Structures are given as structure tokens and as C-alpha cells.
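Residue numbers begin at 1 in each chain, while the letters A, B, ... track the order of the sequences. The model shown is predicted, which means the values in this text are computed figures rather than measured ones.
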There are 2 protein chains.
Amino acid sequence: MWKELFLLCLASGTALCGYPYITPTQGQVWPRPKEVQTSQTYFKLEPEIFNFTVKAHNCDILELAIARYSAIIFSNPSDRKRDVTRGDTLKDENSALPITSLDIVLTKECEKYPYLGMNEEYEIRIAGSNNVGTATLNSTSIWGILRGIETFSQLLIPDPEPPTYVVNATVIKDGPRFPHRGLLIDTSRHYLPLLHILYTIDLLAMNKMNVLHWHIVDSQSFPYVSDAFPNLSLKGAYSQERLYSADEIGQVVAYGALSGVRVVPEFDTPGHTLSWGPGQPGFLTPCYSGGKPDGTFGPVDPTNEANYAFLKTLLTEVTQRFPDRYIHLGGDEVSFNCWESNPNITDYMKKANITGDYGKLEEVYITKLLDIVTNLPTKNGYIIWQEVFDNGVKLAPDTVVHVWKGGWQEELAKVTEGGFKTLLSTCWYLDYISYGSDWRNYYDCEPFDFNATSAQKELIQGGEACIWGEFVDKTNLIQRTWPRASAVAEKLWSPEELTKDVNSAAPRIEEFRCKLVYRGYNVESLGPSFCPGDNF
Amino acid sequence: MWKELFLLCLASGTALCGYPYITPTQGQVWPRPKEVQTSQTYFKLEPEIFNFTVKAHNCDILELAIARYSAIIFSNPSDRKRDVTRGDTLKDENSALPITSLDIVLTKECEKYPYLGMNEEYEIRIAGSNNVGTATLNSTSIWGILRGIETFSQLLIPDPEPPTYVVNATVIKDGPRFPHRGLLIDTSRHYLPLLHILYTIDLLAMNKMNVLHWHIVDSQSFPYVSDAFPNLSLKGAYSQERLYSADEIGQVVAYGALSGVRVVPEFDTPGHTLSWGPGQPGFLTPCYSGGKPDGTFGPVDPTNEANYAFLKTLLTEVTQRFPDRYIHLGGDEVSFNCWESNPNITDYMKKANITGDYGKLEEVYITKLLDIVTNLPTKNGYIIWQEVFDNGVKLAPDTVVHVWKGGWQEELAKVTEGGFKTLLSTCWYLDYISYGSDWRNYYDCEPFDFNATSAQKELIQGGEACIWGEFVDKTNLIQRTWPRASAVAEKLWSPEELTKDVNSAAPRIEEFRCKLVYRGYNVESLGPSFCPGDNF
């Protein structure tokens, strides 16, 4: 009955019934791998007799990945129609050789935590000989193995004779274009429950993104629980049910590591700090009106020496909880009004011989902050928003400058001319929603689209999609972020020459979006469509 | 411990910890009732001993409403902080008189189905005498009772001593400004599972909206199952799992009636009909290139007489399944290109003496369609998109013209000058998302903001928010629609003079949004904030 109905649909001249805005691909991988060769020979996989087999090095990360992917690898429902109009040569699935294992060959020992520049290359071979099909995944690093398992999971095409899957004979050689491929989340404007942060890490991994940039506190709320300074969250969190304890932070870091996702915290100062004030008197600058404090506060008070001791203790704790070498120190959007109103600051600047030059006052603060971080026991490198560079602050040579403002092409040129590593976010502010297929705008933003030498361009580490939290909380985080962030994921993973044509990407991102839906993630749609195997 | 923490937050000078973008109200009603008088006297309600009591007429609708509201009336968690900084006089909840019942006085018999112009007025009195608190809800219609129960449920303020609620002494006299307050959903661009349509009806009722405009089919897919013409959905639906059977349609209609929500179907013709084609050969116009049909299709073929018999049978079935007196017949965006290319149509027009005038051809079709509908056994009235009026088609006197295009002020003037009832949607296209607090734009759109006599303005029946489905499916329907549609809900329910100030609406819509979250609906947020009683 079902097969007849399907053929009736076909007879009407449409590959699928109804008229979706696009016909999705089948068995393609997102992000697009560097090199893919397939042939029309198919192999079949039957879930009950398929296994991942570890052939060389093993470790917890690999074991847990196998457990994870064993659960999702067959989530693309096997009673889905396979579109037989595509002219494939496979007429009888029964003649396809079976593949019963993905042999995982990790040729070096596992590493524990992901890091900037880790090896993420891998190779997959699916072939047949002697009446047997074999599938092999090779990498010298556990991170490459993780990327390869994700790729393999996307190759499987459900077959109408359930519960079988077919996969083409395939050779894939893959590795990322950029080493830093991130997503910024914001847990200050809205608290995000732990579960939603873990879902986000799942989706990052499926998109081969490898950094969760956790903008954890800001002016609106301070959910980070500091054991050194408990009043910060006691008085600055939205509520005592909206916190991230050391334990929960550990969970996020560990969960990220399992998928090769670095968790990089941002403690943004001296601006964006209002919520720090109630729990740390003296931290913020009191603003003055009519000659006296008016009850409002501004950025960090750079003239209060106690603030630097406070920051040193706090950041020591932070960098012990977040094992990544990098910490993001913010430094964006510092308003000078409050400093200008405060007579103590005016006095300080007079003594320091910088009267009227509030950019210099900011530099005093930032310089001391960067110095603190450089000298932490964990010897961190730091990422800062572009203003710190723009204002001429002296930066350590391995500083990463995060470009987010308009005019990014000129900015990237300047930053890389100065010899600094850099990240691009400007064109990937996902919170700036608009009507229509805006994923195409994200896909069309080419990080190399600026005037510079190739040596300069090599300083681009990658970039980050940003889902700022003013209008985003648990009700719409997943929907608003994905699959729009997937456009950024491919731009940062796949070779430049393979990501120039957004129109050829469209059928592939549609297939990929449905895969994420089948795996249980409420990612938005990209146009009039349906995901055939989706059970409501 | 908890109380001390709360006081610490207060000591920091903020009514709530952290810095949400706005401080929500407590115990306010959305949409704002016509007349509200409250005093500082409080009464307390304890969930275990509170009941709804039917004092006069009863019926299924009322019994089921009581069951529904008994479940949600205490969903605003009673361990929430009540903000004691607001200067209320209640120092000791123990001295508040208890209210153990909402007495429901329906003074006339129930009606079965909601309809345009039904009475939705009600009065609520909460007062105390002789050491007893009483709460009474009065209305002459079941629809007013439903609106009043919803209002009552919003008055309750959770009290820190769980599980108690407090409510002010209150007199409310309320009724709607406009009789037609609707939401358009689109189940053609994306299929919407039944559950999500029922959730939508829940949210309509909580917003005192009373029309679900179901744009059920369109070019992309045809999910409506016709028993008379089974091939329509067999060949036109996205899949055979994405259908609305007669039974399911009956469920939606019945569920709507329980909450006083009319379910008005739209079968949009002659444009927007591609998906009708595969299942009804001859319905659509074949387009010609180079002298022969090129395989593509256009609008309905007005020259094929069989189409009118088909429409008559189909619409007879439709109007039997949807008991509302009104049916929406569409009529928007008819492209002439395909008609122009077709030689049979050219011949027809020559014979009919309308060569070259495709507007007239459209009029031929629409006139016959409207005539069919007028003569149906169910004697329907119809709603049409504004193009039908703009093109000068002769319309029945009680036609409702649905205004959706730019220049709505001029259009409303023209339509009402022609003596026709009208609905406004132009400024309330919720699918046109943009960054920021766009609910304010919806709130600022005043239907009476055009040049006309007051007699003309009385022809405005109300309006509809539209959540077209190109980019909306089950993953984001609730989030994208609400609470943005709530701005429209208040604009259409509350008196004009009470809805002029969007800034005073902001704290109230924030309170209301959290109430919807507590009731379990994933409605988006409106700015940096948190819902205090929300358990993740």
C-alpha cells in the first residue's frame, strides 16, 4: 500500500509529494569534506549486526563516542523512502555486500583535552573485496576520529526495506580549513539551563565546530558561582536557582572534551560588569551627578588597587576550572561617561598625567589585567574584543583579536598587519534575526575577503557565530541557533573553493537539517519542506 | 535561608536580583480589561480548599473549562517571591480573609459554537464581608464566562508562604473592543502536527483571541483529506503521514469551541493552488511555451466548467466539516503569466469579449466561486483577501475584506467606504521577524488610524496576526508566534484609550509572558529577564 502511494506521487512528476522548496540530497556530509570520492557501488548495513570496532588505540573518549554514535547512527528512520528516481544503479539491495563494522584505527594515543590547533584530520574508506564490505576510519588523533565518526554517521542512507541502510563505496580525506570554529553563547542576558548547554555541545560536534565560547556573565546577571567570592552570584545572579557551580562547570568542560569541543570562558571587563557590583563593593565606578554619587554605576574603577587583587584571585579560580589555555577577557564597549563624572578618577588621571584621555585610562586597566592573566599559574593566552587592539593597548604576541564590528575587512587587515592572530564574528551575529533564508548571508561571508598577504591571512584562526542572549533563552536557543550556525560551520571547516556556491549548498544543508531533527534536536526549518522520516 | 538571600538581594537596591530589562507587574491581566478597580485589601486562596462553583446555568463547555482552569490556576508557582518592596499594606497574610470559591453565574443558556459577534462580556467581583471573602463571575453568555475565568486565573499572586495565593479586592467589567480577534496559521508550507494546533488554541484562549484562521492548503502541499476527492491529499500532501482527516478536523473545531475560538478554514483560489493539480487533473491552467504545454502549471483554469462542479462539491464538504458561518476564499496574488500563455484561455476570452483583460477573467472565476458559496446548504458568508475587492469584483453585502498589503490606511478607507466589513492584518505579519522588541511595533498599530467616519470605522471587525509557514514548523511555531501575537491580542480586545502607551504595556506583557511559561508553553522572551517560578 505504502509503496503504491509513493509510486503514485512519483507518477505525478514530483520526486517527493507536495512541493517542498528544494529537493534535499541523500548521503551527503555537512560540512563538506575536503576530498570525497564515491562510486555507485552500494553496501548495506543492518543495525542489529553492525558494530564500531576499535583496531588500535582506545580511551574513554573513544568508548563514549562509540556509545553515543551507536545510539544515533540509525536515527534516520529506516522506513524512509529512498528516492529511486535518482538514477542509481542499485536495483536490488539484496545484492549489496554487507558491512558489519566501522574499523576505527587511531594510530597515536588519545589526548585528554582539545586545544587550539589540535589535529582533526581523518580518512574513511568504504570498499569491498572478496564478497565482503569494509569500512575503515583512520586518524592520528582522537579528535580526527571524532570528526570521522560524525562523517560516517551522515553517509548512511535509509533503505525502504527496513531496517537496512545503504552506503556508497567512498574514500574521504578530510580536515578543517580553520582551527578555531566556535559558537558564542550568553548566559547573562538569560540563564541557560545546563541541559541546553549540553545540547549545544552535541550540535557543535555534529557540525564539527570545536569551541564553545561561554560569555558567562555580563551586566544583567552573574550566574558564575565563585568559591573565592560567593557574594558575586549571591547578589548578582537573577536568582539562586540560576547558577553555574564549579561542579556544573566541570560537567560542561568534560562534556565538551568528549566531543573535541573546547570550552573557553569570557569574563568581560571593564564594561559589561554591572552585575558584579552588588557582590563586590568598590569594583565598579560610582557615577556622580551634581557633585555626589547618584546611585548608578559604570565600568570597573581602574583607580581602585584592590580591584586588581580581586581580579587576580577570581581569574586564578576561573582558569583552574576551565582547562583551556585561552581565556576571553572581553574589553568591548567601554562607555566613558561615568568615569568622566567621577572626581576621584579625575584626580587619579591628573596625577598620572593623562587628564582628559579616557582611552589611556582604559589602557591602564587593560594592561594591568593582561599582565595578571599572563602571570597566572596556568599561563593563559587571551582573546580580546577588537576595541582593545583598536585603542592601541600593548598586547602579548599570541593575543587573539576578536573582530565583531562593522568594517571587518579593514579591521582584519589592520590586525593581521600588526601580526596578531584573529577571529571573525561580525557577519555571523545569529541573534540579528531577519526574514528569509539568512543562512545564505552567513554562508556568503568569506573570511579571506580582505586585502592582505597570504601570510597575514594565515593569522586568521577562524571565527565564531554569536547567539547573544537578549532575546534568547531555553525556549528558543536551539531553534534560533541551528541550522543557521551550520552555514558558519561549513564556511570554517570546508575548503574555500568548495564553499563559494551557496546554491549548491542548499540541498545539502536541507538534508543535514533533517538529520538533526531525526536525532531529536528542534532545529528550525529553512523553507517550505518536511523531513520524511520524522515521527511527531 | 531563602528569605535571607532574598533580603540580601533587596539590600543591593534591586527589586529582583540581577538586572532584568524591566520589572514585571504582579496580578495584572493581559489583555487589559475595560474597567478595573482594585483596592489594597487582599484575600488568600489555598489550592486544596479552592473550587469553582457553578451557581446558575451549566453545560459541557463550562464543566470542561473548570477542569482545565483547575489545573492551571495555580501553575504560577507558590514558592515564588512576592516582591514586598511595592509598598502594599499587607504585612501578614494570616490576616487576609480566605476565598474558597469562584462563583460562576451564567444567566442564560450555553451556546454550542462560537460565532462572529457573540457576547464576550463579563463581570468579576472580589470582595469581603462578615469575615468571608467572595469571588463572583457574572455573564449572560458562556463565551463571557470563559473570558472571565481566564481573567480570574491571572489575578492570583503567589505568596511566599506556600501554598497560598493572594488576590486584591477587585471589580472588573470587561468586554472586547473588536469582535474578530484572530491568528492565521499555515499548514501548507509546513505541516503542523495536531498537538501544536491544539496548543495554539490554548494560547489563543489565554489571550482572549477568538478566531483560528486555518490556511490549510496552498501551493506547497495539500494536507486536507477530502472524502469526495481523495486524490487531492493522496498526491498533494507532503506525505501520507502529514494529513488532516475529517476526524482530526472535527477535533480541532471541537477543541476551539470549548474555548470560544472559531475555526475558520481558508481554501485559497485561484492562485496558491499548485498542490491541487496532481490530484485533480484539469483544475490548474497548463502553461505554454513555444506553442505547447511546458509541464508547469498556473492558477485555476477558469474556462474549465468541470472546475466549478468540483469546487461546489469540495466546498460543500468543507463547510459541513467547519461549522463556522464564514469561510475564507483567499483570492490573493493571482499571477497572469500562465493564463496569458495558454491559447485555450485566449480563445475563451475572445468569445467572452474580454480579450487582454485578465483582471476580468479573474473576476469571472471569483464571481462564480462566490455564487457557489452563497448557495451552499450552509449559507456561508465569506472572507476574501483585499485583491478581490481591489479588482472590482461584485461582492455580497456581508463580505469581509481582509486587508494585508501595504498602504492599509488608504485601503481600509476605501473598503469601508464601499460599505464592507473588514479585517486588518498588514501590520501584524508575525512571520516577518526582525531583531529587537518588535512586539512594540505590533502594539503601536492602531486599526482606527485612518481617515474615515466613525460609521465606517465600525465596519472594522477586528484583525488577525499572521504566522505564515515558510519558515515555521513544529520546532518554532509556539516560540515565534508568542508572545508577539499577545500585542495584537490586547490591541484588539482592550479599549483604544488604554492601549496608546506601549511603555506602560511593557511590564504587563512581561508578567503575562511568564504566566504562559509557567503553564508550560515555550513562548519566547522579550528581553533580558527570567521567570522567577520557572522550574527547568
Side-chain angles (χ1 to χ4, degrees), chain A residues 2 5 8-9 12-14 16-21 188-191 193-195 219-222 234-242 274-275 277-279 295 431-437 469-476 478-480 517 522-530 532 535-536, chain B residues 2 5 8-9 12-14 16-21 188-191 193-195 219-222 234-242 274-275 277-279 295 431-437 469-476 478-480 517 522-530 532 535-536:
Chain A
W2 190 92
L5 294 177
L8 274 171
C9 287
S12 72
T14 57
L16 301 153
C17 280
Y19 296 97
Y21 78 117
S188 172
R189 276 64 179 263
H190 282 97
Y191 180 77
L194 205 68
L195 194 60
S219 278
Q220 280 80 359
S221 75
F222 196 104
L234 214 65
K235 298 200 175 190
Y238 274 145
S239 78
Q240 296 308 295
E241 287 85 42
R242 284 165 179 78
L274 281 185
S275 73
D431 53 321
Y432 286 163
I433 56 172
S434 61
Y435 180 75
S437 304
E470 282 84 353
F471 303 100
V472 173
D473 71 358
K474 63 161 187 168
T475 61
N476 62 351
I478 302 299
Q479 290 85 345
R480 190 161 288 188
V517 169
N522 279 329
V523 303
E524 287 185 341
S525 75
L526 296 158
S529 58
F530 66 107
N535 299 313
F536 309 113
Chain B
W2 191 90
L5 294 176
L8 275 172
C9 288
S12 74
T14 56
L16 302 154
C17 280
Y19 296 96
Y21 78 117
S188 172
R189 277 62 180 264
H190 281 96
Y191 181 77
L194 205 68
L195 193 61
S219 278
Q220 280 80 359
S221 74
F222 196 103
L234 214 65
K235 299 201 175 188
Y238 274 144
S239 78
Q240 296 309 294
E241 287 85 40
R242 286 164 176 77
L274 280 185
S275 72
D431 53 323
Y432 286 164
I433 57 173
S434 60
Y435 180 74
S437 304
E470 282 84 352
F471 304 99
V472 174
D473 70 357
K474 63 164 187 168
T475 62
N476 64 352
I478 302 300
Q479 291 87 344
R480 190 163 288 190
V517 169
N522 279 328
V523 302
E524 286 186 338
S525 74
L526 296 158
S529 59
F530 68 107
N535 298 313
F536 310 112

Between A:S219 and A:L274, is there a donor-acceptor pair closer than 3.5 Å when you use the side chain of the first and the backbone of the second?
yes
Kindly say whether A:V472 contributes a backbone atom to a donor-acceptor pair with the side chain of B:E524 at under 3.5 angstrom?
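Such a contact is absent between B:E524 side chain and A:V472 backbone.
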Non-hydrogen atoms of chain B under 4.5 Å away: do they reach the side chain of A:Q479, the backbone, both or neither?
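For A:Q479, the side chain is the part near chain B, not the backbone.
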For A:F471, which atoms come within 4.5 Å of any heavy atom of chain B: side chain, backbone, both, or neither?
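Interface part for A:F471: both.
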Of the backbone (N, CA, C, O) and the side chain (C-beta and beyond), which part of [X] lies under 4.5 Å from a heavy atom of chain A, both, or neither?
X: B:Y432; answer: both
X: B:S188; answer: neither
X: B:S529; answer: both
X: B:I433; answer: both

For the [atom1] atom of [X] and the [atom2] atom of [Y], what is their distance to the nearest 0.5 Å?
X: B:K474; Y: B:Y191; atom1: NZ; atom2: OH; result: 11.0 Å
X: B:E470; Y: A:Y435; atom1: CD; atom2: OH; result: 4.0 Å
X: B:N476; Y: B:H190; atom1: CG; atom2: NE2; result: 8.0 Å

Closest-packed option against chain A by number of heavy-atom pairs under 4.5 Å, given B:V523, B:T475, B:I478:
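Ranked by contacts with chain A, first place is B:T475.
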Pairs of heavy atoms under 4.5 Å with chain A: top-ranked of B:R189, B:R480, B:R242
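Counting heavy-atom pairs under 4.5 Å, the top option is B:R242.
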Proximity of B:Y238 and A:Y19 rings by center, below 6.0 Å:
no
